[in-house]
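Okay, so here's the structure we're looking at.
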Protein chains: 2
Amino acid sequence: MPTIRDVAKACNVSTATVSYVINGKNTLLPETRERVLRKIREMNYHPSAVARGLSNKRMNTFGILFDNVGSEIAIWHPYTSGILQGVVAASAEVGCNVTIFTELWRNAEISLPKLRDQRTDGIIIVAPPSDTDILPSLLSAGSKVVTISSESVSFGMPSVDVDNAFGIKLAVRHLREMGHREIAFIGGQINMFSGAMRLSAFQAALDSWSLSLLPEHLVLSSYEDSSASYSDAKRLLSLPNPPAAVVAGNDQIAFSVLAAARDLGIAIPAQLSVIGFDDIADAATTQHALTTIKQPLREIGAAATRLLAQVISGDCPPAECLLVEPTLVVRATTGSPR
Amino acid sequence: MPTIRDVAKACNVSTATVSYVINGKNTLLPETRERVLRKIREMNYHPSAVARGLSNKRMNTFGILFDNVGSEIAIWHPYTSGILQGVVAASAEVGCNVTIFTELWRNAEISLPKLRDQRTDGIIIVAPPSDTDILPSLLSAGSKVVTISSESVSFGMPSVDVDNAFGIKLAVRHLREMGHREIAFIGGQINMFSGAMRLSAFQAALDSWSLSLLPEHLVLSSYEDSSASYSDAKRLLSLPNPPAAVVAGNDQIAFSVLAAARDLGIAIPAQLSVIGFDDIADAATTQHALTTIKQPLREIGAAATRLLAQVISGDCPPAECLLVEPTLVVRATTGSPR
DNA sequence: TAGTATCACTTAACCGGATAATCGCAGTCA
DNA sequence: TGACTGCGATTATCCGGTTAAGTGATACTA
């Protein structure tokens, strides 16, 4: 591996000259530039990004942090995967790479050094749980951070998220317009902001339509744990007064509801309407094509990336949450009640 | 951001001492060590990975390179996603991060510098096409490279891949054992090694069972382009003598075959058996649960990562392809012919 | 003709750490 | 007392680049 000094020696110039050639300083004699460029190619020289990063404090790399890499849910999860795709695509546009970080939220001791060691120019944090202490630590340390979560506004960091309230409103309106009056909700973890948000949005939406809610029609389940949501759904559908319409906290939960309905012999959508949230890739192709609220994951990832680029370049960051509007995708799991 | 010099000054010691404290040199007075550690915590100091990387030439970061980030197929593709998950998990085990690289294969001019600038300690290249010139370039430059592709053996670089031949053999045997004698094949791009490999394995498998193949029952289609494979499948199934069993080059193609069969009113599996390759996540949950050859993607990614770690650490790399055995997963798309 | 720009490049300091070599200072031993 | 050892810390150099400041030569100016 030749260094810049090797190239300089071979050209009989100083390393500064080589550096200027590489970085396009235009006060050089064209002939010199050519000579150096030729040597560079000839020697197969490539400047070290690390050394370069050390001096100009730019690695042209963004970090992205998920929870729980160990488990199945992190990268494989369609939500994460969609976001990641948007982040990578938008990063490529500005010539940056993306590094994946994977510590657990709770391990601030382990995670923080990695996140703060300048290996990346900034970090996108995906859906941090409410109770992590990483966010304030990073912020106080001056790290460039953007989150994908509406909650982070409280820390004064820029963020992007889907407009959960709007999405839930779309869902409820859709069911209402199909004639439903008794709508149940089976949501994800309440300690995740989206969990809390979608729940409260659901109640607000019911209120705005003057619909009432039976307490037993409100279930808090899990976004990822399919077996948990399956049994929760089964319990809900086995009630003496089962709902005829269910808004699920996300598609995965919706799938569990559908599975429970199938196993209980409940016809979809004749006896039960189900609507999800996210529109993960499976949603269109599974047995019952799922009606859902489509979350534009790639756009969200891309928006977060652009926001991060702004923060890094010093443009005063808007410390508010950029809300991206979801859309209603009507497929085969919703219909009018009998 | 405090530097090591700031810490040293605050402790009235030299930077060397601080460095030794950080890196656990044991010839230090316990009292000194404590004092420095306390200051480090107090000042919220984190050593720069970049500076560190510059001196000890280790970034604790692996790179992973896919084709075509711009298009839908790269990260989102279940194959890539599965590999990535394995790579990230195995990297985390050895304390490394993963950086995603995304240039196109053809742009060696642009890609090479990024891949060779020491930002990563080594690179995992996923399914390079046969005609890229990046591999030999990297190799001749002394980069640490591992590929996921059986083809790369020709360049003398270590690699990992699924045992394509074995998988195809499993598929054909399964169909044969169900009583099929006329088996068609609709494969992916022939310029991808797996495309060529699965094709020749298919022919070999037929031979070993002394089965013959109608020329029109051999179709070369596309791994990713669903509309192309859909029309190719439709053409195949519309032949005067349509096959009663099809081995598809991958699951995506198999889905296209299923879609074409549905649109042509062909019953699955009564009139047509379909078997895929990969076992992507969708395979189990789509309308007809797909019988397929399951590729252990995460294990492959993890194996590649471990191989790369070996190469980096200097353990003489086995310049041969590590084959991981796939398994047959029987679901609902195969059955005996009428 | 001396003074001043301009040009084309070099010098030298710096980025933030790692580490081999060195050094001062007990304590040991002959 | 002088030589030798070990310990604990320091000094100095290096990693591979970037870049502000400086330099020597030529060209221009008054």
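Here is how names work: the chains are called A, B, and so on, in the same order as the sequence lines, proteins then strands, and each is numbered from 1.
In this structure, A:Asn12 reaches the sugar-phosphate backbone alone: every heavy-atom distance under 4.0 Å involves primed, P, OP1 or OP2 atoms, never a base. Contact annotation for B:Thr17: base contact, defined as any heavy-atom pair under 4.0 Å involving a base atom. Nucleic acid contact for A:Ser19: base, since at least one base atom lies under 4.0 Å from a heavy atom of the residue. The residue A:Val18 sits apart from the nucleic acid: no heavy atom pair falls under 4.0 Å. Contact annotation for A:Ser14: base contact, defined as any heavy-atom pair under 4.0 Å involving a base atom.
In this structure, B:Lys9 atom NZ and D:dT11 atom P are separated by 13 Å, rounded to whole Å. Note: NZ (A:Lys57) to C1' (D:dT19) measures 14 Å, nearest angstrom. Per the geometry, CE belonging to B:Met43 stands 13 Å off P belonging to C:dG16, to the nearest Å. One atom, CG of B:Asn23, and another, P of C:dA18, lie 5 Å apart when rounded to the nearest Å. At whole-Å resolution of the value, CE in A:Met1 and C1' in D:dG17 are 15 Å apart. Here C:dT6 presents its C1' atom at 13 Å from CG of A:Leu29, a figure rounded to the nearest Å. For B:Met59 and C:dG17, the CE to P distance is 13 Å, given to the nearest whole Å. Atom CG of A:Asp121 and atom C1' of C:dC15 are 15 Å apart (whole Å).
For B:Arg5, whose side chain is taken as the heavy atoms from C-beta onward, the closest listed nucleotide among C:dT11, D:dT11, C:dG17 is C:dG17. Distance from the side chain of A:Tyr20 is smallest to C:dT10 among C:dT10, C:dC9, C:dC15. Closest approach to the B:Leu28 side chain among D:dG16, D:dA9, C:dG16 is made by D:dA9 (side chain taken as heavy atoms from C-beta onward). Side-chain atoms of B:Leu54 lie closest to D:dC15 of the nucleotides D:dG17, D:dC15, C:dT10. Residue B:Ala51 has its side chain nearest to C:dG16 when only C:dT19, D:dG16, C:dG16 are considered. Proximity note for A:Pro47 (side chain, C-beta onward) versus D:dG17, C:dT19, D:dG16: the nearest is D:dG17. The side chain of B:Ser55 sits closest to C:dG17 out of C:dG17, D:dA20, D:dG8. Comparing C:dC9, D:dG17, C:dT19 by their closest approach to the side chain of A:Ile4 singles out D:dG17.
A:Tyr20 and A:Thr27 share no side-chain donor-acceptor pair at under 3.5 Å. Side-chain atoms of A:Thr61 and A:Arg119 include no donor-acceptor pair closer than 3.5 Å. A donor-acceptor pair shorter than 3.5 Å can be found between the side chains of B:Arg116 and A:Asn44.
Contact between the side-chain N/O atoms of B:Asn56 and the OP1/OP2 oxygens of C:dG17 is not found at any separation under 4.0 Å. A close approach under 4.0 Å does occur between a side-chain nitrogen or oxygen of A:Arg52 and OP1 or OP2 of D:dT18. At least one side-chain nitrogen or oxygen of A:Thr32 sits closer than 4.0 Å to the OP1 or OP2 atom of C:dC9. Remark: B:Lys25 is not in phosphate contact with D:dA9, judged by side-chain N or O atoms under 4.0 Å from OP1 or OP2.
Residue order along DNA chain D, read from the 5' end via each residue's closest nucleotide, puts B:Pro30 first among B:Gln118 and B:Pro30.
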Next item on the list: Step by step, work out the side-chain hydrogen bond (donor to acceptor under 3.5 Å, both in side chains) result for B:Thr99 and A:Thr99.
Entry: CA-CA 4 Å; B:Thr99 295; A:Thr99 295; 2.6 Å; yes
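Between A:Arg35 and A:Glu31 a salt bridge is recorded (basic side-chain N to carboxylate O distance below 4.0 Å).
Screening B:Asn97, B:Thr305, B:Thr120 for a side-chain contact (heavy atoms from CB on, under 4.5 Å) with B:Phe62, the sole residue that qualifies is B:Thr305.
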